[in-house]
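This report concerns only the one structure given below.
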Amino acid sequence: EDKVVQSPLSLVVHEGDTVTLNCSYEVTNFRSLLWYKQEKKAPTFLFMLTSSGIEKKSGRLSSILDKKELFSILNITATQTGDSAIYLCAVRGNTGKLIFGQGTTLQVKP
Amino acid sequence: NAGVTQTPKFQVLKTGQSMTLQCAQDMNHEYMSWYRQDPGMGLRLIHYSVGAGITDQGEVPNGYNVSRSTTEDFPLRLLSAAPSQTSVYFCASSYDTSGANVLTFGAGSRLTVL
């Protein structure tokens with residue numbers, strides 16, 4: 001059965017800190033891994049990863065996938081209070097369905 | 001483009017009542033899905049569909065029915081609501097199920113069952 005596990009479940013940091021969020025998965029015939037950010041509404045898309053070792057970057061956020069070890073990390077550098085959110089990881093396998101992890105709740109204090 | 005439209009945004013039901021959450025997309029997406037979100041639980045997949053006429057169960061399908069008679073619409077039915085179904089529900093769609101497609105979400109529907 002497809003499974004996605006995120007860690008840590010919650011994290012409190014101060015502005016300027018760097019954080020690393022983890023996502024490990026088990027899925028049959030991996031197709032893609034997606035990261036989303038959720039504030040008090042619907043999730044918004046951050047990154048889609050399909051190949052190992054290729055870093056995706058957007059401003060202070062970056063993500064990389066390791067298909068051999070079955071995990072991905074999401075890095076946020078120089079955190080700001082606006083980064084406070086739930087970060088969700090999801091994986092798609094050969095059934096086509098997208099399964100999400102429990103999410104990591106990040107709080108950035110001023 | 002309206003994207004993914006969910007209605008209603010808020011609903012209060014009594015235990016045992018039935019209702020349908022509507023979901024429509026105008027992007028010609030083949031894949032559509034319903035999730036529920038509870039505190040600390042992330043998004044859990046209820047049902048999904050890879051095309052018109054095809055539906056399948058997700059992680060938490062009990063108490064919910066779906067149908068996909070058209071590409072555009074994917075309603076979620078609660079036949080006899082229970083307090084355990086109090087949650088925020090999201091409909092989401094993608095062009096197809098290949099690895100190259102991003103999931104687009106509706107705005108969410110907050111359901112309270114008393």
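Heavy atoms only: backbone and side chains are in, while hydrogens, waters and symmetry mates are out. Below, chains carry the letters A, B, ... as their sequence lines are ordered, and counting in each starts from 1. In this text the structure is predicted, and so the values were computed from the model without any measurement.
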Nearest-0.5 Å distance that lies between atom [atom1] in [X] and atom [atom2] in [Y]:
| X | Y | atom1 | atom2 | result |
| --- | --- | --- | --- | --- |
| B/Glu59 | A/Lys97 | CD | NZ | 7.0 Å |
| B/Tyr35 | A/Ile99 | OH | CD1 | 6.5 Å |
| B/Asn101 | A/Leu98 | CG | CG | 9.5 Å |

Would you name the heavy atoms of [X] and [Y] that are closest together and state the gap between them?
| X | Y | result |
| --- | --- | --- |
| B/Tyr31 | A/Gly96 | CE1-O, 3.5 Å |
| A/Ala42 | B/Gly106 | CB-O, 3.2 Å |
| B/Gly42 | A/Leu88 | CA-CD2, 4.2 Å |

Just wondering, more than 12 heavy atoms not from [X] lying within 6.0 Å of its [atom1]?
| X | atom1 | answer |
| --- | --- | --- |
| B/Tyr95 | OH | no |
| B/Arg110 | CZ | no |
| A/Lys57 | NZ | yes |

[Y] reachable from [X] in the ILVMFWY side-chain graph, under 4.5 Å edges:
| X | Y | result |
| --- | --- | --- |
| B/Tyr89 | A/Ile86 | no |
| B/Val60 | B/Tyr48 | no |
| A/Val108 | A/Leu61 | yes |
| A/Leu74 | A/Leu11 | yes |
| A/Ile64 | A/Met48 | no |

Contacting region of [X] [heavy-atom separation from chain A under 4.5 Å]:
| X | value |
| --- | --- |
| B/Asp56 | neither |
| B/Leu45 | side chain |
| B/Val102 | both |

Sub-4.5 Å side-chain heavy-atom contact between A/Phe100 and B/Leu103: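 Yes, their side chains come closer than 4.5 Å.
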
Just wondering, do B/Ser98 and A/Arg92 contact through their side chains at under 4.5 Å, heavy atoms?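 No. Closest side-chain heavy atoms not under 4.5 Å.
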
Tell me, side chain or backbone of A/Thr95 under 4.5 Å from chain B's heavy atoms, or both, or neither? both

Is A/Lys41 close to chain B through its backbone or its side chain, or both, or neither, when contacts mean heavy atoms under 4.5 Å?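 Backbone of A/Lys41 only, per the 4.5 Å heavy-atom cut-off to chain B.
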
Filtered by a 4.5 Å non-hydrogen cutoff, the part of residues 19-38 of chain A contacting chain B is A/Arg31, A/Ser32, A/Leu34, A/Tyr36, A/Gln38

